[in-house]
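A quick write-up on the structure given underneath.
Because the structure is predicted, anything quoted here is derived from the model rather than measured. Worth knowing before you read on, the calculation uses all heavy atoms, side chains too, and leaves out hydrogens, waters and symmetry mates.
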Amino acid sequence: MKGYFFIVLTLLIATVSCEKEVVVKLAEGEITGKLNYKLTDDTGKGLSGLKVYIYNPGSKQDPNSPIDSAITSSVGEVNFTDLLPNNYQLRTDSIKLNNNDYSVDEYVQITAGIERKKTTKVTDFSGNLIIRLLSYETRTPIQDQGVVAFPVNKIHVTSDNIADVVKSSTLKGLTDKNGYVSLKVPANQIFDFIVHHKIYGNYGWGFGSYQVAKGKTLNITLYSSFL
């Protein structure tokens, strides 16, 4: 009974530790490796129809040209075979998810005789913007003001469309009593902000250009005349 308990516990530990990345040993004597790569949404559902590019940064050829590419299957997977041992870079085209555009860019180590299975959640390629809104006149915090982040290379804000941009955005929030609001945004994209009065609907924009790397936090102070 003790031996059975040990085997079950070992299997449980292996299952938990390999949830997102699994290594499968191939036949003896293999000099290349394989990669099974899966892209998912926030719920873990595979995302189909996405193009994934694989690069070999150590290649004697142009390292900026992909050595291969593939389209994700109905369950969000692509497979790359005959990969010599190396640290490979994986990139995607822009991925539309939750009304925002994300780009995947990461490295995967390939070992001879091993099939590596890696699952990546697209929205993990995000960063956090901690924004503090202060009065331009008094430098005191402004509470209950709406703050919206928008990608400047995707959206051109004007007085004619600003209300629609605010309404359709998922990257928005209200400032707290200390003037703070936190927004999780796609990484490595340039954002500007819209500040608006939640009751009167006054709008302001053109606060500058900001971007944040994956998994990082950027603190920003904005000044507004809205009260």
Side-chain angles (χ1 to χ4, degrees), residues 19-21 35 37-47 50-59 62-67 69 72 76 78 80 86-110 116-134 146-157 165-166 168-176 178-195 205-223:
E19 184 179 355
K20 290 189 177 181
E21 192 160 351
L35 172 64
Y37 188 63
K38 183 175 182 178
L39 295 172
T40 73
D41 63 13
D42 291 338
T43 68
K45 180 182 177 181
L47 299 172
L50 304 178
K51 193 164 188 178
V52 179
Y53 304 88
I54 185 167
Y55 297 79
N56 181 359
S59 172
D62 184 1
N64 295 316
S65 297
I67 60 171
S69 64
T72 55
V78 293
F80 297 106
N86 205 346
N87 196 26
Y88 290 86
Q89 184 179 20
L90 295 167
R91 295 182 187 172
T92 66
D93 291 330
S94 181
I95 300 171
K96 191 71 144 181
L97 197 59
N98 303 329
N99 202 35
N100 297 305
D101 294 311
Y102 294 86
S103 294
V104 171
D105 187 346
E106 63 180 335
Y107 288 84
V108 176
Q109 183 70 47
I110 298 299
R116 188 171 299 279
K117 297 184 177 183
K118 180 172 176 56
T119 298
T120 293
K121 185 168 67 173
V122 169
T123 54
D124 281 348
F125 285 80
S126 299
N128 292 303
L129 302 179
I130 307 297
I131 301 159
R132 194 178 196 200
L133 185 64
L134 300 179
V147 178
V148 180
F150 67 92
V152 297
N153 61 335
K154 302 284 186 180
I155 300 175
H156 176 61
V157 173
V165 172
V166 170
S168 63
S169 176
T170 60
L171 307 177
K172 58 187 176 184
L174 289 177
T175 55
D176 62 18
N178 295 311
Y180 285 103
V181 61
S182 177
L183 302 178
K184 183 179 179 181
V185 301
N188 302 317
Q189 294 191 35
I190 299 174
F191 289 92
D192 192 2
F193 303 98
I194 298 169
V195 173
W205 71 97
F207 291 91
S209 300
Y210 302 88
Q211 62 178 319
V212 61
K214 176 192 174 187
K216 301 297 183 181
T217 296
L218 179 65
N219 293 285
I220 302 167
T221 301
L222 303 180
Y223 296 92

Aromatic Y37 / basic K118 pairing, under 6.0 angstrom, 45° off normal:
no

Side-chain touch L134/L222, heavy atoms, less than 4.5 angstrom:
no

Nearest heavy-atom pair of Y107 and P57: which atoms, and what distance?
CE2-CG, 3.8 Å

Check: R91 side chain, I54 main-chain N or O, donor-acceptor pair, under 3.5 Å:
no

List the atom pairs, with distances to 0.1 Å, where a side-chain N or O of residues 185-193 and a protein N or O form a donor-acceptor pair under 3.5 Å, not counting sequence neighbours.
{"from": "Q189", "atom 1": "NE2", "to": "D101", "atom 2": "O", "distance (Å)": "2.3"}
{"from": "D192", "atom 1": "OD1", "to": "F207", "atom 2": "N", "distance (Å)": "2.9"}
{"from": "D192", "atom 1": "OD1", "to": "G208", "atom 2": "N", "distance (Å)": "3.3"}
{"from": "D192", "atom 1": "OD2", "to": "G206", "atom 2": "N", "distance (Å)": "3.2"}

K51 side chain to T92 main-chain N or O, any donor-acceptor pair under 3.5 Å?
no

Closest heavy-atom pair and its distance - V148, K172
CG2-CB, 3.7 Å

Pairwise distance OH(Y102) to NZ(K214) - rounded to 0.5 angstrom
13.0 Å

Ignoring hydrogens, what is the shortest heavy-atom contact between G46 and K38? Give both atom names and the distance.
CA-CE, 4.1 Å

Crowding at NZ, K96 (>12 non-hydrogen neighbours, <6.0 Å)
yes

Would a 4.5 Å heavy-atom cut-off, applied to side chains only, mark L218 and I220 as touching?
yes

Side chain S169, main chain L171, donor-acceptor under 3.5 Å:
yes

S65/Y55 under side-chain contact (heavy atoms from CB on, under 4.5 Å): CA gap, chis, key distance, verdict
CA-CA 7 Å; S65 297; Y55 297 79; 5.6 Å; no

Given the rule in the side-chain contact (heavy atoms from CB on, under 4.5 Å) test, do V52 and T72 qualify, once you have shown the distances and angles that lead to the verdict?
CA-CA 7 Å; V52 179; T72 55; 4.0 Å; yes

Give the intermediate values and the outcome of side-chain contact (heavy atoms from CB on, under 4.5 Å) for residues E106 and V104.
CA-CA 7 Å; E106 63 180 335; V104 171; 4.1 Å; yes

Can you list everything that forms a side chain to side chain contact (heavy atoms under 4.5 Å, CB included) with D41? Sequence neighbours excluded, please.
T43, K45, L47, L97

Residues two or more places apart in sequence or in another chain: which of them pass side chain to side chain contact (heavy atoms under 4.5 Å, CB included) with D176?
N178, Y180

Please report the C-alpha distance between L133 and V181 in whole Å, then the side-chain angles of each, then the deciding distance to 0.1 Å, and finally whether the side-chain contact (heavy atoms from CB on, under 4.5 Å) criterion is met.
CA-CA 8 Å; L133 185 64; V181 61; over 6 Å; no

Within the distance-only criterion (no hydrogens, no angle test), does the side chain of N99 pair as donor or acceptor with the backbone N or O of S168 below 3.5 angstrom?
yes

Please report the closest heavy-atom contact between V212 and N128, naming both atoms and the distance.
CG2-O, 4.0 Å

Decide yes or no for F150 and V166: does some side-chain heavy atom of the first lie under 4.5 Å from some side-chain heavy atom of the second?
no

T170/N100 under side chain to side chain donor-acceptor pair (under 3.5 Å): CA gap, chis, key distance, verdict
CA-CA 8 Å; T170 60; N100 297 305; 2.8 Å; yes

